[in-house]
Participant: 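There's a structure below that I have some questions on.
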Amino acid sequence: MILIAASVLVLIPVAYMVLASFKTIPDFFGNPYGLPAHWAFDNYTRAWTEAHVSITLPNTIIVTFCSVAGSTLLAALIAFGLCRKERAFALTLYTFFVSGLLVPVQMIILPLFILLKWFGLFGTLAALILPYIALGLPLGVLVLTPIASSIPRDLFSAAQVDGASELQIFRRVALPLLKPGLVSVAILNGVWMWNEFFIPLIIAFTPSSQTLPVGIISFIGVYSTEWGLVFASVVISTVPIVVAYLFMTRQFQSGLTAGAIKG
Amino acid sequence: MARVQLSGLTKAYSGSDASAVSDLSLDIADGEFLVLVGPSGCGKSTALKMIAGLEESTSGEVWIGDEMVNDHAARDRDIAMVFQSYALYPHMSVFDNIAFALQIAKRPKAEIRERVAEVARILQLENYLDRRPGSLSGGQRQRVAMGRAIIRQPAVFLMDEPLSNLDAKLRVQMRSEIARIQHRLKVTTVYVTHDQVEAMTMGDRVALMRDGVLQQVDTPERIYNRPNNTFVASFIGSPSMNLYHATLVREGSGGRVRLGDVELSVPASVYESHPALAQTNGAVILGIRSENLEDAVFVPNHPEGQQFTATVTLAESLGSDLMVHFRINAPPAKIVDQDLLDEIAVGDDFGVCVGRFNARSAAKPGDTVNIAIDCSELHFFDAENGRAF
Amino acid sequence: MLAQSRQWDGRGGRRRRQSALARRYGHLLFVAPGFVFFIAFMVLPSLAGFAVSLTNWTGVGTDFSFVGLDNFVEALGSWPLYRAAWHNLIMFLAILVFQHTVGLFVAVQLHAKPRFMEVYRTILFLPVIISLVSTGFIWTLMLSPNIGVINALLKDLGLGFLARAWLSDPDLALATVIGVQCWNVLGWAIIIYLAGLQAIPEELLQAAEIDGATGWVRFRRVVFPLLSPSFTALTVLTFIGQFRVFDIVYVLTGPLGSPNFETDVLATLIYRSAFGGSSIASNDVRMSYAVALAVIVFVIMAIASTFLIRVLRRREISA
């Protein structure tokens, strides 16, 4: 009973979001919680053009994909490099990377802003991707290093004896064995990068480099009463990640929990 | 294939006084099977890892063939290794596990297939090539680990306790299989084990280590029959050699040894084969192998001075033999070693002595039996430092 | 023979010497790429941020001078900082209680493995992956006094007297923001407690049963103490989350934490100080002051979370 009630409470706002995205303005006033009087599919086509979803959606996909790939790979390299305690600086560097978790974005956002301008990256997607990669590292290192350390060192020794270079050991032995951890890290970072709001709010203010969450916000200012359009955008921004979640529920749950419990 | 030489090999860890391996020198001939044996923590695995290049030496040199390989990474030493844990790559099929080294070396695909097939045939793994190691039994995994080593056709095989994770029966079977393969391939092999039975049965020569120090290197026969010191004597052989403090007195061409309240005559032949013994008069450590003790009933006409009586405390039947434990009123020589629990003494003045009797012996706990001892096979060690005479 | 075996492994007679340097520090090559990123986009900005906090720079122009700790002194003596921190604290405590009661209760229900357990779990975790921005929009609309579904529903049920201006009533706004967050974070509590429950060995519960402990006693004396790792994780997670909360407040009540700063939190205060809110004149915007606020928050959070982890870990037991 409790479970049904809780599930319904969770689902109502989600269903409401979907319904609202098909409503026209009069509908909101006359019929707040019913089905749309007539299904305004053009909310979506208008969101696509007028709310720049045609730009912000691909932007978000590119930014998330590149940042997740870059961050996960770099974190895996670091974890492999630091996985043996007796290696020089292993513990120091591990602590160094992980302590990045405590740094609030507000503290670094302005210098970051200046730095990116200085690099001439403003208005490009790289202005988001590069900081995201760096900001994704602490969690990646936190999750992957213990997993890498738990790989029996005999496996690395065996690969060494088999003639593999360190890079080959990483690619052919360590990386496949880190796979569950890599999935966790990718999901963990992917979810926040997809949903991140504050950083692109400051850094990506031109429409051409905006991501979905910010795109929706800036759209609000212009068409503040066009709730149907707003919700069409919200649905578009939510659907990809929800679909991914439904396909990989287990990995999402365990991946996010792994990060949360360690963090 | 190659000769392997170690000279003055030492491994010291910072923050610890004792070296894991100190000043180890060995000369292993091309094609030889050398077993490195010793109790756990004696440094044998560390020594092996230094040969492999997986562990850096503090000082000393490792030569493989005619090259000093200290500065060569493991992958450039032309060695293959079998690990105690097998270290099979869990994400690869058996085929890929065996082929990995060749894949890394970028050998042609056809050649890899052919060589894996041959190795699989030798090790009877043909039906398992598509499986992952996780779905194999212990024995099969062990064979994959062997396959991975022999496919390389390396200059040297290094084996780190490869059989210790198998059950007893399989271990015996694999023991002879490894020996057979090594014999066939004639690859220089260094084999580390803590099991003296493996050492005795497999090695051309046996090197025994203790606390990082090499105690003796010799053929299995010599290390058994002429142990250098009390440690070697007690480590090799099962049950281990009975060792007591005793007093040796010269008498004519022979001598007499007093073991508690027992007196035994030492034949002249012992003095002849151990000339150093002639200089001794007084305290010694006496060593008696269990097979040199026998129920006197089965040895008619045994010389009078080579018999004594003792009370049986325990009799264990092995089927082929009867292991009889009895008390001897002499202080046992303690070998400080946690692995050898036989040395739990019955108080300091008594020692338990184990004899290997004829299976038909009627000795049972509580009996007082007459025991014949083959005094020409007695071992004598210096009471001060445990060295053999 | 040696020549033949070398030919087999494809390296010929070429053997590489490995320098002691490579052996000892070779692994750092793997760390280097990430290190460069981390330094460039995390460490340098942090240090630069700290440096900025020691000046009176407004964020535009090049006109600034070193003012030492003035910004910090001013910040620590200003009322809005404490007001915002107080709101963060209330949110943290309220959500903490919610997580450890409702979340735990639902997790226990799920752990009993009812039919459709997987379905429930999938649904209940869903809000966690929906962005706070989307969550904010959904609830803004639902809570809207004119077109919102909640007031309309209350009226139609004859409970019109309960209808409120949820987000603009000064007495209700903070509670409403907390309520919305509860919807968003419940999934965390469920999944973390469920993982903890599943980690409790079955024999332990059976042993407790044999010892005569059942029902509530068993839960309180055996199960709950064994859930302490989950308790720690959830508490720390909630702490960090609530003292950093920004998106949802920004969407629900704006950068001013309206009405009348009733929902103002540290992050919106910093944002406003740095970039201005809609009704704040631009000459009030002082980047250096904002960064000083951020540094204060960083220091306090670092200390508090370390302390929190210490204390909570101490009462943990390993099963």
Side-chain angles (χ1 to χ4, degrees), chain A residues 72-73 75-77 79-93 143-186 248 250-251 254-255 258, chain B residues 13-15 45 48-56 72-93 96-107 132-134 144-162 165:
Chain A
T72 311
L73 178 67
L77 283 166
F80 178 70
L82 302 181
C83 69
R84 296 186 205 156
K85 274 200 204 77
E86 71 273 13
R87 284 185 164 180
F89 310 121
L91 198 64
T92 318
L93 282 169
V143 172
L144 292 177
T145 308
I147 302 179
S149 304
S150 72
I151 297 175
R153 36 185 327 171
D154 275 358
L155 285 182
F156 296 146
S157 299
Q160 248 176 302
V161 171
D162 275 346
S165 67
E166 285 289 303
L167 198 63
Q168 282 169 321
I169 296 175
F170 172 71
R171 210 172 59 78
R172 310 251 340 231
V173 180
L175 213 50
L177 294 174
L178 281 174
K179 211 161 138 199
L182 296 176
V183 173
S184 288
V185 170
M248 314 192 347
R250 270 289 156 81
Q251 285 92 327
S254 60
Chain B
Y13 290 105
S14 51
S45 284
L48 192 76
K49 284 188 172 140
M50 286 194 283
I51 302 175
L54 297 170
E55 189 102 50
E56 267 182 81
H72 289 149
R75 64 191 156 114
D76 294 321
R77 292 193 180 191
D78 202 8
I79 50 160
M81 188 155 169
V82 179
F83 292 82
Q84 180 175 8
S85 62
Y86 312 143
L88 302 178
Y89 309 117
H91 56 291
M92 296 183 198
S93 66
D96 286 334
N97 264 286
I98 296 176
F100 187 70
L102 300 183
Q103 291 169 350
I104 290 287
K106 302 220 162 55
R107 305 303 304 169
R132 293 277 173 91
V144 176
M146 281 297 296
R148 193 166 65 172
I150 64 179
I151 198 165
R152 296 272 310 281
Q153 308 185 341
V156 184
F157 278 145
L158 302 175
M159 305 196 186
D160 189 2
E161 309 220 9
N165 284 339

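Just so we're on the same page: letters track the sequence lines, and every chain starts at 1. These numbers come from the heavy atoms of this one structure, side chains and all, not from hydrogens, waters or symmetry mates.
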Participant: Is it the backbone or the side chain of B/Leu158 that comes under 4.5 Å from a heavy atom of chain A, or both, or neither?
Facilitator: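 Neither part.
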Participant: Give every donor-acceptor pair between chain A and chain B closer than 3.5 Å, one pair per line, or write none.
Facilitator:
residue, atom, partner, partner atom, Å
A/Asp154, OD2, B/Ser85, OG, 2.7
A/Ala159, N, B/Tyr89, OH, 3.1
A/Gln160, O, B/Arg75, N, 3.4
A/Val161, O, B/Arg152, NH1, 2.8
A/Asp162, OD2, B/Tyr89, OH, 3.0
A/Arg172, O, B/His91, NE2, 2.7
A/Arg172, NH2, B/Gln103, OE1, 2.9

Participant: Looking at every non-hydrogen atom in both residues, tell me the closest pair between B/Ile79 and A/Val161 and how far apart they are.
Facilitator: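 So the minimum-distance heavy-atom pair works out to O-CG1, 3.4 Å.
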Participant: Ignoring hydrogens, what is the shortest heavy-atom contact between B/Pro90 and A/Leu155? Give both atom names and the distance.
Facilitator: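 Looking at all heavy atoms of both residues, the shortest contact is CD-CD1, 3.8 Å.
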